[in-house]
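Written below as structure tokens is the structure these notes are about.
Numbers restart at 1 for each chain; the letters A, B, ... are given by sequence-line order, proteins then strands.
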There are 2 protein chains.
Amino acid sequence: MDGSRLRDVLAPGIAAGPRAGGLVAALRSAIVEGRVLPGYRLPAERSLAVSLGLSRSTVTAAYDQLRGEGYLISRRGSGTFAALPDTTSGWRPDDAPADAASAPLDLTIAAMPAPPLLAEVAAAAAAALPAYLAGSGLAPAGLAELREVVARRYSERGWPTSANEVLITSGALHAWDLLLRTVARPGAVVAMEQPTYPGVIDAALAHRARIRPVVVDAAGWHPGEAADRPAVLAHLTFDGHNPTGQWAPDAERERVLASFDSSTVVAVDESLLDFRHDAPVTSPAALLGRAGATVVAIGTMSKSFWAGLRVGWIRGPAPLIHAVAATRAGQDLSAPVLEQLIAAGLIGRRSEVLPARRATVAGRRQVLLDALAVHCPAWHADPPAGGLAAWVDLGGGSSSRLADEARHHGVRVTPGPRFTVHGTHDRWVRIPFVLPPQQLEDAIRRLAAAAVDLQPARPRRHAAADKAWTA
Amino acid sequence: MDGSRLRDVLAPGIAAGPRAGGLVAALRSAIVEGRVLPGYRLPAERSLAVSLGLSRSTVTAAYDQLRGEGYLISRRGSGTFAALPDTTSGWRPDDAPADAASAPLDLTIAAMPAPPLLAEVAAAAAAALPAYLAGSGLAPAGLAELREVVARRYSERGWPTSANEVLITSGALHAWDLLLRTVARPGAVVAMEQPTYPGVIDAALAHRARIRPVVVDAAGWHPGEAADRPAVLAHLTFDGHNPTGQWAPDAERERVLASFDSSTVVAVDESLLDFRHDAPVTSPAALLGRAGATVVAIGTMSKSFWAGLRVGWIRGPAPLIHAVAATRAGQDLSAPVLEQLIAAGLIGRRSEVLPARRATVAGRRQVLLDALAVHCPAWHADPPAGGLAAWVDLGGGSSSRLADEARHHGVRVTPGPRFTVHGTHDRWVRIPFVLPPQQLEDAIRRLAAAAVDLQPARPRRHAAADKAWTA
């Protein structure tokens with residue numbers, strides 16, 4: 001982030017408050033909300049003063065106050081850096097997976113139940129299985145039949161693809177993990193959106209990647225200091241960004257992709273492609289024919305059909321697909337045959353499933369927005385353009401504290417910091433709209449009650465057990 | 001390896017040849033066969049001379065010759081180290097997965113076709129699936145029903161286990177990979193057998209582990225310099241060791257386990273537990289109640305039922321299982337529901353499958369041993385005590401060259417070096433006995449013809465494409 005973008009980030013907040021107080025508030029919220037990331041080196045006081053049109057003493061006073069609060073750290077001789085005070089970066093991962101049965105209303109999972117057709121397709125696949133039982137059942141790149149079906153879908157969408165450009169995985173997250181393992185050595189720079197899906201972060205950190213953030217906010221995608229930190233791999237969700245629900249216009253996609261050079265493998269995660277709410281789905285044109293980065297697509301059955309299937313895929317150049325297959329041979333060897341037959345069957349009958357599923361989701365989206373307007377009038381959510389969740393601005397409250405309190409009201413929800421590397425974005429909470437309407441409205445009513453109980457503020461506890469489960 | 005064990009390794013070879021020539025031959029073959037590993041620092045010449053009862057000039061002459069051949073490297077001030085010359089460490093991984101259809105006889109896969117019962121169990125599982133479709137289908141530790149069934153099997157075997165001590169994976173290799181990811185940071189010391197299953201090596205190297213070898217040879221398990229290099233994690237296959245087919249006696253197990261301290265998580269891979277050929281299966285008693293290492297079991301459906309299922313598990317202390325579940329939530333999230341229902345169904349009906357399967361395997365083992373005796377009389381294989389493959393000593397030939405040549409004879413086979421970290425063991429080849437009898441005998445006849453065609457020796461090519469597929 002250069003000085004002029006920092007000025008853009010801070011200016012509205014500064015305008016709202018008097019001098020040092022305005023700068024303090026603007027900088028503090030920029031850090032807490034992830035627009036200025038922990039570790040970012042701030043301009044020298046004199047330079048920021050000139051840039052913002054403030055006196056140097058005003059900037060000095062603001063820096064002093066923020067240092068006292070823990071939002072800035074100064075190191076002699078090296079400068080002043082953004083930071084999160086311990087009390088704010090409160091959410092910590094917890095290794096204990098939650099017991100789903102203990103929480104009657106679950107707002108941590110953004111995935112739908114299976115369509116009834118799945119049972120029929122599974123039975124047909126089981127009936128077809130005997131033809132496969134004479135073989136070893138192993139194929140690291142996937143079953144030829146399914147690779148063909150997946151390739152055909154890309155070609156139909158205008159992205160010419162052959163079966164040897166497709167590798168079958170155990171879901172979209174597994175696809176991302178295999179790409180990390182194939183492409184990114186420990187310490188490699190990996191670009192990913194902030195905020196993003198928690199599993200994407202966890203996988204990258206498990207591979208000891210250094211994260212280059214692509215900040216996503218209401219104004220769109222900010223790929224940041226591209227030239228400074230060439231990434232070997234990037235993860236982007238232009239189609240129903242999780243958690244914000246944005247759908248990137250073509251020009252935005254092209255601009256973001258142009259920030260990577262030809263050495264970067266850019267994984268475009270299309271998990272939520274089938275769920276655009278107010279417009280037709282974007283063609284892949286903006287991803288194709290670029291001279292720059294190698295664009296790879298990730299897809300999954302989880303959102304369009306059922307997460308309990310565990311089938312996803314990678315679409316990429318054949319040599320990369322071969323390398324990923326070799327990686328997989330040293331990780332989990334192969335995908336299950338029957339699951340792949342079911343996936344092929346469901347994709348072939350997608351027109352029997354998706355229109356009704358989209359209508360269901362659209363209805364529940366409206367239920368959520370209406371319930372929020374009624375029960376949580378101080379909160380704000382832009383209607384999500386795509387996906388299965390809304391990204392709700394609590395208007396100053398802490399989603400970590402809300403998630404803690406919500407458990408006592410019989411609701412589980414994933415706090416905003418879980419979607420970030422640095423534990424920022426505590427002001428937002430992701431709320432999926434996949435529960436049946438009455439349950440969804442009940443959950444929002446309980447969240448609202450939890451928010452009321454948070455006044456006056458109590459000491460935070462850890463929002464335990466939300467890590468393993470967010471989906 | 002201390003000096004006295006080195007003496008034991010070298011003595012027989014030295015006795016067979018005259019002075020320096022005997023030592024050269026003994027040391028060279030110990031290195032090529034993996035009994036002395038590359039990087040091992042040899043005793044000083046004077047000290048080895050005393051230990052072996054040779055003159056110092058004899059040892060000096062032998063070291064000189066082996067340095068010239070590339071089997072020893074001396075570094076001024078730090079000593080003399082075992083090494084493999086480039087021409088010997090011939091096998092290199094290749095990223096291109098093999099096309100199964102192109103090789104009519106495949107000796108790279110040690111896995112059986114599925115039993116016919118699988119189709120019936122799959123149909124029943126598909127019929128039971130509708131009860132699960134209303135949920136998200138996600139459970140990082142596995143479906144409760146299957147965890148119960150797996151736990152009960154351990155309890156029945158005399159290893160009391162509850163469901164929360166079991167996590168369901170996508171096979172045994174995936175179990176090992178998840179343990180690596182949970183327990184071993186990059187650079188951590190991980191102990192594993194040499195030779196061992198290639199995927200076990202690949203996974204450990206993908207996690208940038210430093211390998212502590214537990215050499216397995218005809219004399220058993222040699223855990224080596226335990227105190228020098230405490231391992232955070234170990235992989236051991238006492239029950240039908242892959243590739244040598246050995247079955248460790250209880251005393252051997254206890255001795256090997258005692259070489260690890262309480263900080264080591266020892267994964268005992270029981271993938272081949274159902275295939276002991278000449279005696280009843282060992283009870284887990286030797287693994288239990290030890291004060292030392294944490295013993296974790298790995299199991300799989302792949303060998304007893306079908307590799308195309310992709311279901312395995314880890315049995316370990318509940319806190320470790322929780323930690324692995326959290327790891328999995330950042331890798332591939334969860335196992336497929338239907339596969340887990342099938343696995344539970346098959347385990348419940350194992351008595352309908354396993355006796356016939358064991359009889360089939362025993363018959364094919366005999367077919368292989370007979371075919372080797374007829375067609376390859378110069379080769380030697382101890383009848384494997386367990387598992388689905390024999391470890392065949394070519395009596396001086398190179399398995400890498402044999403595997404190359406075999407492709408021209410319509411047979412694929414995995415050369416010995418693929419089962420080692422350092423590319424040693426070129427003198428052995430692993431031959432599975434899972435093909436139907438006629439095909440198996442035909443494959444051995446072709447291997448024998450390939451061996452004949454290798455005389456006189458031609459330059460080696462890479463045994464490409466065997467990496468992704470060995471199972």
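Between A/Pro336 and B/Leu309, the closest side-chain pair of non-hydrogen atoms is not below 4.5 Å. The shortest distance between side-chain heavy atoms of A/Arg181 and B/His207 falls below 4.5 Å. B/Arg310 places none of its side-chain heavy atoms less than 4.5 Å from the side chain of A/Val337. Residues B/Arg208 and A/Arg208 have side chains not in contact (no heavy-atom distance under 4.5 Å, counting atoms from C-beta outward).
B/Asp177 touches chain A through its side chain: at least one heavy atom from C-beta onward sits under 4.5 Å away, while N, CA, C and O do not. Proximity to chain A (any heavy atom under 4.5 Å) is shown, for B/Ala172, by neither the backbone nor the side chain. At a 4.5 Å heavy-atom cutoff, A/Ala127 makes no contact with chain B through either its backbone or its side chain. Contacts between B/Ile342 and chain A at a heavy-atom distance below 4.5 Å involve the side chain alone, from C-beta outward. Using a 4.5 Å cut-off between heavy atoms, A/Ala335 contacts chain B through its backbone alone, with no side-chain atom that close. Contact of B/Ala307 with chain A is made through backbone and side chain together, with heavy-atom distances under 4.5 Å.
Contact tally against chain A (heavy-atom pairs below 4.5 Å) for B/Ala206, B/Pro186, B/Gly171, B/Pro130: the top residue is B/Pro186. Among B/Leu129, B/Thr169, B/Val434, B/Leu338, the residue making the largest number of heavy-atom pairs under 4.5 Å with chain A is B/Leu338.
Closest approach of B/Asp202 and A/Gly330 over heavy atoms only: CB-CA, 3.9 Å. Annotation for A/Ala329 and B/Leu173: closest pair O-CD2, 3.3 Å, computed over non-hydrogen atoms.
Distance check: B/Ser170 OG to A/Leu333 CG gives 10.5 Å after rounding to the nearest 0.5 Å. Residue B/His174 holds its NE2 atom at 6.0 Å from NE2 of A/His174, rounded to the nearest 0.5 Å.
Residues of residues 113-126 of chain B having a heavy atom under 4.5 Å from any heavy atom of chain A, listed by number: B/Pro113, B/Ala114, B/Pro115, B/Leu118, B/Ala119, B/Ala122, B/Ala123, B/Ala126.
Looking only at distances, a side-chain donor or acceptor of A/Trp306 sits under 3.5 Å from a matching main-chain atom of B/Gly135.
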